[in-house]
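Taking it in order: structure first as structure tokens, then the write-up.
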Amino acid sequence: MLKIYNTLTGKKEPFEPLVPKTVRMYVCGVTVYDYCHIGHARSALVFDVIRRYLEHSGYTVEFVKNFTDVDDKIIKRANEQGVSCDQITAKFIQAYYDDIERLGVRPASIEPKATEHMADIVRLTETLVAKGLAYQVDGDVYFEVAKFPDYGQLSRRRLEDLQAGARVDVDERKRHPMDFALWKSSKPGEPSWESPWGPGRPGWHIECSAMSIRHLGETFDIHGGGMDLIFPHHENEIAQSCGATGKEFARYWIHNGFVQINQEKMSKSLGNFFTIREIFEKSEWPEAETGEMLRYFLLATQYRGPLDFSDQSLREAKNAVDGFYDLFMRLGESDTRTTADKDLALTIERCRSAFRDAMDDDFNTPMAIAALQGLRSDVNKLLDHGLSTEWRRTARTEFRSLGNCLGLFQLDRWQFNAPARLKGAHRQAVLEAERQHAQAGKWDPSYHELLSGRSKLPPTERSSAPALTDEEIEKKLVERNEARKQKDFKKADEIRHFLSSCGIIIEDKPNGTSRWKR
RNA sequence: GGCGCCGUACCCAAGUGGUAAGGGAGCAGUCUGCAAAACUGCGAUGCAGCGGUUCGAACCCGCUCGGCGCCUCCA
């Protein structure tokens with residue numbers, strides 16, 4: 001039984017959708033005026049995983065995630081850059097897709113834009129005015145919070161506690177300081193739409209009410225977003241939507257915690273800000289591996305808690321994922337032994353059950369990952385005892401299936417954290433091999449720093465090392481194993497060190513053959 | 001001033017009343033020509049501190065300390 005922590009009640013509650021087997025879910029996407037940072041990534045990822053798990057659990061998920069493409073910040077940005085609002089929003093919507101795709105976030109079922117729902121927005125505003133919950137002042141329309149008795153239920157605030165005007169000047173025309181704009185008259189040069197109150201544009205919150213009601217109905221199951229949206233955004237959405245329809249709006253409210261840097265919220269004013277594309281640009285690993293590493297990192301913390309971002313945590317995540325792909329490599333090899341075959345089914349069943357328990361408990365991804373780690377360890381043991389090719393395939397399939405809920409373990413090839421794994425005498429030998437290559441002018445010696453333990457995400461210098469093709473590597477491997485057979489270990493080691501200095505790790509198998517990895 | 005969150009081993013991180021999951025890093029060992037992988041073992045008598053409730057508390061209550069967020073735009 002799935003339980004979800006509901007912000008509205010402050011409790012974990014059993015989840016029962018309004019319509020059996022179907023979940024209708026709305027998530028506040030982004031306001032498109034800038035590149036996405038890791039915080040946006042976390043939010044997108046959290047709800048992507050929730051959606052995936054609901055589907056895995058047998059639900060059909062109608063998942064709506066919006067773009068807010070009319071907004072003060074967009075107008076401001078457009079004016080700064082001397083371009084139109086459309087140009088700004090088009091650019092950053094595309095950037096959003098680019099970034100989020102690299103993280104393996106699946107597109108929502110419907111991704112509506114505010115600008116495409118003006119009729120809905122105007123109609124909703126008219127309804128609120130007609131019901132006496134909103135009033136017009138000049139060309140603006142405000143929602144009157146005092147007319148909505150439940151105002152503050154989501155954020156657990158009383159109207160009297162809200163010290164409006166403490167940090168910003170109160171508009172004298174408003175009846176209550178907390179009244180908020182549904183419709184704003186537009187100044188010359190600003191984007192505007194016709195309305196009964198004159199040309200204008202929607203306020204910040206109304207578009208989400210309009211779009212969610214349009215695509216999911218007046219009452220739906222899940223509404224989500226970042227913690228910071230609880231107030232005022234979601235509070236106001238509830239007031240508008242319930243006020244207009246007289247019905248319950250969203251039934252379960254889910255909010256994800258912040259990404260922090262050194263215990264502080266990321267923000268532009270603090271300058272502690274990482275965009276998604278920045279992470280990819282700085283990563284020393286290929287795109288797919290970087291995406292999965294980031295994903296693992298973001299899911300290794302429960303979605304409601306704060307999450308501190310650091311290079312070290314990111315590297316730890318990479319190492320952890322490497323461990324899984326080490327296993328997948330073994331699972332890809334054939335074996336005729338069958339000793340452990342009979343135990344695999346039970347092992348898998350245990351993991352499935354633990355995984356389900358974890359995810360059912362308010363999407364506890366760290367616990368779910370622990371279950372997968374358990375399976376990794378168990379399967380490695382079975383592999384030592386002897387697992388047939390067929391059952392190896394079964395095990396790999398299981399990792400794919402469960403991993404798919406988290407968006408992990410879908411890759412066929414994986415580039416390992418090779419240089420970081422080298423230790424001791426071997427590392428010295430590799431450094432020496434590399435030094436010789438550098439002297440011979442083969443590649444940039446700055447690669448040294450990569451090998452000798454760097455602490456920051458380095459600029460990608462790997463590209464300056466000789467890139468060997470698979471065929472070249474295979475050829476070297478044959479050469480080396482021939483040497484080993486002849487007991488010419490000096491030559492064998494030279495080849496090993498050469499390959500290591502190119503970022504290739506060789507692992508010898510008991511039968512005299514070897515596997516390699518990047 | 002109001003509302004709320006966080007503090008668990010070297011690091012990350014579960015656990016929210018029944019006697020501290022998991023991972024990463026580290027150390028030791030098995031295996032191995034070397035190396036890597038894998039496996040085995042080690043690692044918090046204690047969960048910021050102090051009180052209280054309880055047969056029993058990391059979990060409940062109170063206070064204190066430290067850090068953070070929201071109340072203006074923000075994932």
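Naming: A, B, ... by sequence-line order, numbering from 1 per chain. Since this is a predicted model, take the numbers as computed values, not measurements. Quick note: numbers below take in every heavy atom, side chains included, and nothing from hydrogens, waters or symmetry partners.
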### Query
When all nucleic acid strands are considered with a 4.0 Å heavy-atom cut-off, which category describes A/Arg157: base, sugar-phosphate, or nothing?
base
### Message
Heavy atoms only, 4.0 Å cut-off, all strands: where does A/Gly29 land among base, sugar-phosphate and nothing?
### Response
sugar-phosphate
#### Entry: B/U53 versus B/C61 - spacing of their C1' atoms, nearest Å
7 Å
### Task
Would you sort out whether A/Cys28 and A/His223 count as a side-chain contact (heavy atoms from CB on, under 4.5 Å), showing the intermediate values?
CA-CA 8 Å; A/Cys28 288; A/His223 194 137; 3.7 Å; yes
### Residue-phosphate contact under 4.0 Å: A/Lys318 side-chain N/O, B/G24 OP1/OP2
no
### Query
Taking the C1' atom of each, how far is B/A20 from B/G15, in whole Å?
8 Å
### Query
Which of these nucleotides, B/G22, B/A75, B/A37, is closest to any side-chain atom of A/Gln373?
B/G22
### Query
Under 4.0 angstrom, heavy atoms only, what part of the nucleic acid is A/Arg376 near: base, sugar-phosphate, or nothing?
sugar-phosphate
### Paired nucleotide for B/G22 [Watson-Crick or G-U wobble; both distances under 3.5 Å]
B/C12
### Donor/acceptor link under 3.5 angstrom from A/Asp228 side chain onto base of B/G69
no
#### Entry: Atom-to-atom span, CZ of A/Arg480 to C1' of B/A35 - whole angstrom
8 Å
### Message
What's A/Gly39 touching, base or sugar-phosphate or nothing? Going by heavy atoms closer than 4.0 Å.
### Response
base
### Summary
note: A/Lys381, atom NZ; B/U40, atom P; distance rounded to Å ~ 4 Å
### Query
Counting only Watson-Crick or G-U wobble pairs whose two distances fall under 3.5 Å, which nucleotide matches B/C5?
B/G67
### Task
Return yes if a side-chain donor-acceptor contact under 3.5 Å exists between A/Glu474 and A/Trp516, otherwise no.
yes
### Query
Any idea which of B/G33, B/C70, B/A37 is nearest the A/Asp326 side chain?
B/A37
### Message
Can you check the distance between B/G69 and B/G51, where both ends of the measurement are the P atom (answer in whole Å)?
### Response
32 Å
### Task
Select base, sugar-phosphate, or nothing to describe what A/Asp493 touches, counting heavy atoms under 4.0 Å on all strands.
base
### Message
Of the options B/C39, B/G23, B/A37, whose atoms approach the side-chain atoms of A/Ala320 most closely?
### Response
B/G23
### Short side-chain to backbone donor-acceptor contact, A/Lys3 and A/Glu13, under 3.5 Å
no
### Task
Measure from the side chain of A/His40, starting at C-beta and using heavy atoms only, and say which of B/C34, B/G15, B/A75 lies closest.
B/A75
### Task
In whole angstrom, give me the gap between the C1' atoms of B/C12 and B/U40.
24 Å
### Query
Which one is paired to B/C47, where only Watson-Crick or G-U wobble pairs with both distances under 3.5 angstrom count?
none
### Task
Have a look at A/Ile506 and say if it touches a base, only the backbone sugar-phosphate, or nothing, with a 4.0 Å heavy-atom cut-off.
base
### Message
Please give the distance between the C1' atoms of B/A44 and B/A37 as a whole number of Å.
### Response
29 Å
### Query
Contact class for A/Ser310 vs. all strands (heavy atom < 4.0 Å): base, sugar-phosphate, or nothing?
nothing
### Task
Using a 4.0 Å heavy-atom cut-off across all strands, classify A/Phe297 as base, sugar-phosphate, or nothing.
nothing
#### Entry: A/Leu298 CG to B/G23 C1', straight-line distance once rounded to whole Å
16 Å
### Message
Taking only the P atom of each, what is the distance from B/C47 to B/U8 in whole angstrom?
### Response
11 Å
### Message
From CZ of A/Phe416 over to P of B/G24, roughly how many Å is that when rounded to an integer?
### Response
13 Å
### Task
May I have the distance from A/Asp308 (atom CG) to B/C5 (atom C1'), rounded to whole angstrom?
14 Å
### Task
Output the single nucleotide from B/C68, B/A75, B/A36 whose closest atom is nearest the side chain of A/Gln260.
B/C68
### Task
Consider the side chain of A/Asn380, meaning its heavy atoms from C-beta on, and name the nucleotide among B/C39, B/C12, B/A75 that approaches it most closely.
B/C39
#### Entry: Among B/A21, B/A36, B/A75, the one nearest A/Ser43 by side-chain distance
B/A75
### Message
Evaluate A/Thr7 against A/His255 for side chain to side chain donor-acceptor pair (under 3.5 Å), listing each step before the verdict.
### Response
CA-CA 7 Å; A/Thr7 309; A/His255 293 97; 2.8 Å; yes
### Query
CD1 of A/Ile100 versus P of B/A75: gap in Å, rounded?
12 Å
### Task
Starting from C1' on B/G22, measure out to CD on A/Gln302 and report it in whole angstrom.
15 Å
### Query
Which sits closer to the 5' end of RNA chain B, A/Ala492 or A/Asn256, going by the nucleotide each is nearest to?
A/Ala492
### Toward the 5' end of RNA chain B, by each residue's nearest nucleotide, A/Arg304 or A/Asp508
A/Arg304
### Query
If the P atom of B/C59 is compared with that of B/G49, how far apart are they to the nearest Å?
10 Å
### Message
It should be established whether A/Thr301 places a side-chain nitrogen or oxygen under 4.0 Å from OP1 or OP2 of nucleotide B/A13.
### Response
yes
### Query
So what does A/Phe231 hit on the nucleic acid, given a heavy-atom distance under 4.0 Å: a base, only sugar-phosphate, or nothing?
sugar-phosphate
### Message
Using a 3.5 Å distance criterion without hydrogens, assess whether the side chain of A/Arg392 forms a donor-acceptor pair with backbone atoms of A/Gly332.
### Response
no
### Query
With distance as the sole criterion, do the side chain of A/His37 and the base of B/A75 form a donor-acceptor contact below 3.5 Å?
yes
### Task
Please answer whether the main-chain N or O of A/Tyr33 pairs with a side-chain N or O of A/Arg77 as donor and acceptor at a distance below 3.5 Å.
yes
### Task
Answer yes or no: side-chain N or O of A/Arg496 and base N or O of B/A35 forming a donor-acceptor pair under 3.5 Å.
yes
### Task
Return yes if some donor-acceptor pair links the side-chain N/O of A/Asp488 with the main-chain N/O of A/Lys491 below 3.5 Å, else return no.
yes
### Task
Could you tell me whether a side-chain N or O of A/Glu190 sits under 3.5 Å from a main-chain N or O of A/Lys187, the two making a donor and an acceptor?
yes
### Out of B/A14, B/C68, B/A37, whichever nucleotide has its closest atom nearest the side chain of A/Asn364
B/A14
### Query
Do the side-chain N or O atoms of A/Ser377 get closer than 4.0 angstrom to the phosphate oxygens (OP1, OP2) of B/C39?
yes
### Message
For a quick check of understanding: with a heavy-atom distance under 4.0 Å over all strands, which category does A/Val46 fall into, base, sugar-phosphate or nothing?
### Response
nothing
#### Entry: Distance (rounded to the nearest 0.5 Å) between A/Asp326 CG and A/Asn380 CG
8.5 Å
### Message
Quick one: does any side-chain atom of A/Glu111 pair with a main-chain N or O of A/Asn66 as donor and acceptor, under 3.5 Å?
### Response
no
### Task
Name the pairing partner of B/G29, where a pair is Watson-Crick or G-U wobble with both distances under 3.5 Å, or state none.
B/C39
### Task
For B/G43 versus B/G4, give the span between their C1' atoms, rounded off to a whole number of Å.
36 Å
### Task
Identify the nucleotide, in any strand shown, that forms a Watson-Crick or G-U wobble pair with B/C60, with both distances under 3.5 Å; if there is none, say none.
B/G52
### Task
Starting from P on B/A35, measure out to CD1 on A/Ile504 and report it in whole angstrom.
20 Å
